[in-house]
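Structure first, commentary second.
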Amino acid sequence: MDVLVINGPNLNTLGTREPEVYGSTTLAVIEAGLVAQGAAAGLDVDTFQSNHEGAIIDRLHAARSDGTRFVIINPGAFTHTSVAIRDAFAAVEIPFCEVHISNVHAREEFRRRSYLADQAVGVLAGFGAFGYTMAMEFVIDQLKGQ
Ligand code: CA2
């Protein structure tokens with residue numbers, strides 16, 4: 001596939017709790033929208049969600065040999081803790097965008113640190129589920145003509 005969308009821990013519960021922070025859209029709806037958005041641009045999009053750090057790393061390793069050209073990732077709380085996911089991106093050398101539904105800079109101090117952001121092509125935070133759409137639009141533009 002061309003684009004891999006990864007969502008980290010607890011994001012499978014989107015739309016069921018804390019709608020004031022994370023909105024009311026479910027992850028299934030977000031993922032279906034991204035698959036359709038990619039398809040309309042002729043891109044094959046795969047989605048993956050896991051609550052387990054190792055499973056996310058394994059999926060990134062698999063991406064190295066399955067044709068993935070770009071990753072869009074919301075690492076959830078692993079954003080603020082995971083040297084291992086950072087190292088996995090360095091190992092696979094696939095460009096990625098980091099997306100956060102909430103504005104991580106307007107919340108607790110610990111959410112301002114990301115172990116991935118300086119390695120990302122770009123970071124979107126605070127635009128709700130629309131952040132994924134914006135990231136996909138960027139990726140479509142990047143991959144166009146490649
Ligand atoms: O804003 C984001 O997208 C986050 O990546 C979400 C993570 C949080 O740890 C990051 O700091 C920012 C948490 C995801 C929790 O997902 C929930 C879904 C529904 C209800 C409550 C939490």
Side-chain angles (χ1 to χ4, degrees), residues 1-41 43-64 66 68-143:
M1 93 269 335
D2 300 301
V3 186
L4 172 62
V5 179
I6 297 180
N7 277 282
N10 297 306
L11 289 158
N12 54 312
T13 67
L14 270 182
T16 63
R17 296 181 295 127
E18 297 185 57
E20 67 287 357
V21 181
Y22 297 112
S24 53
T25 311
T26 64
L27 184 60
V29 167
I30 292 170
E31 288 177 335
L34 293 171
V35 169
Q37 188 181 353
L43 296 179
D44 205 1
V45 176
D46 192 23
T47 61
F48 180 78
Q49 188 279 329
S50 179
N51 297 319
H52 304 278
E53 191 174 20
I56 292 170
I57 293 164
D58 287 344
R59 184 65 190 85
L60 282 172
H61 289 176
R64 192 177 195 175
D66 72 4
T68 300
R69 297 155 72 196
F70 222 110
V71 174
I72 294 171
I73 185 166
N74 182 345
F78 290 149
T79 307
H80 320 298
T81 63
S82 184
V83 176
I85 294 176
R86 176 193 178 88
D87 288 349
F89 274 112
V92 301
E93 296 182 301
I94 299 172
F96 68 97
C97 287
E98 179 178 329
V99 173
H100 297 286
I101 296 166
S102 65
N103 180 355
V104 286
H105 300 286
R107 301 180 65 190
E108 301 96 325
E109 185 65 30
F110 66 83
R111 293 189 201 275
R112 303 191 72 164
R113 182 180 68 174
S114 167
Y115 279 99
L116 303 181
D118 67 301
Q119 300 299 309
V121 176
V123 181
L124 286 152
F127 299 103
F130 192 60
Y132 293 95
T133 310
M134 290 194 277
M136 184 62 77
E137 208 51 39
F138 173 77
V139 171
I140 289 167
D141 186 67
Q142 288 291 294
L143 297 183

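What you see is a predicted model, and the numbers here were worked out from it, not measured in a lab. Atoms within each ligand, like the ligands themselves, are counted from 1 in listed order.
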Can you list the atoms of ligand 1 that are under 4.0 Å from a heavy atom of [X]?
| X | answer |
| --- | --- |
| N10 | 15 (C), 16 (O), 17 (C), 18 (C) |
| H80 | 10 (C), 11 (O) |
| V104 | 12 (C) |

| Does even one non-hydrogen atom of N74 get within less than 4.0 Å of ligand 1? | yes
How far is [atom] from its nearest protein heavy atom, and which residue and atom is that?
| atom | answer |
| --- | --- |
| atom 22 (C) of ligand 1 | Y22 CE1, 3.4 Å |
| atom 20 (C) of ligand 1 | R17 O, 3.2 Å |
| atom 4 (C) of ligand 1 | H100 ND1, 3.7 Å |

| query | Judged by modelled atom types alone, do Q49 and N51 share a side-chain donor-acceptor pair under 3.5 Å? | reply | yes
| request: Return yes if a side-chain donor-acceptor contact under 3.5 Å exists between Q37 and E137, otherwise no. | output: yes
Any N/O of [X] closer than 3.5 Å to an N/O of ligand 1?
| X | answer |
| --- | --- |
| S102 | yes |
| T13 | no |
| R111 | yes |
| I101 | yes |

| If you take all heavy atoms of F96 and L116, which pair is closest and at what distance? | CZ-O, 3.6 Å
| Can you name the nearest heavy-atom pair linking A135 to V99, along with the distance? | CB-CG2, 3.8 Å
| task | Please work out which of the three classes, parallel, tilted or perpendicular, describes the rings of F110 and H80, given edges at 30° and 60°. | result | perpendicular
| Would you say T47 and L34 make side-chain contact, with heavy atoms under 4.5 Å? | no
| message | Strictly distance-based, threshold 3.5 Å: is any side-chain N or O of S82 a donor or acceptor partner for the main-chain N or O of T79? | response | no
| said: For D66, is there an ion pair with R59 - N to carboxylate O distance below 4.0 angstrom? | reply: yes
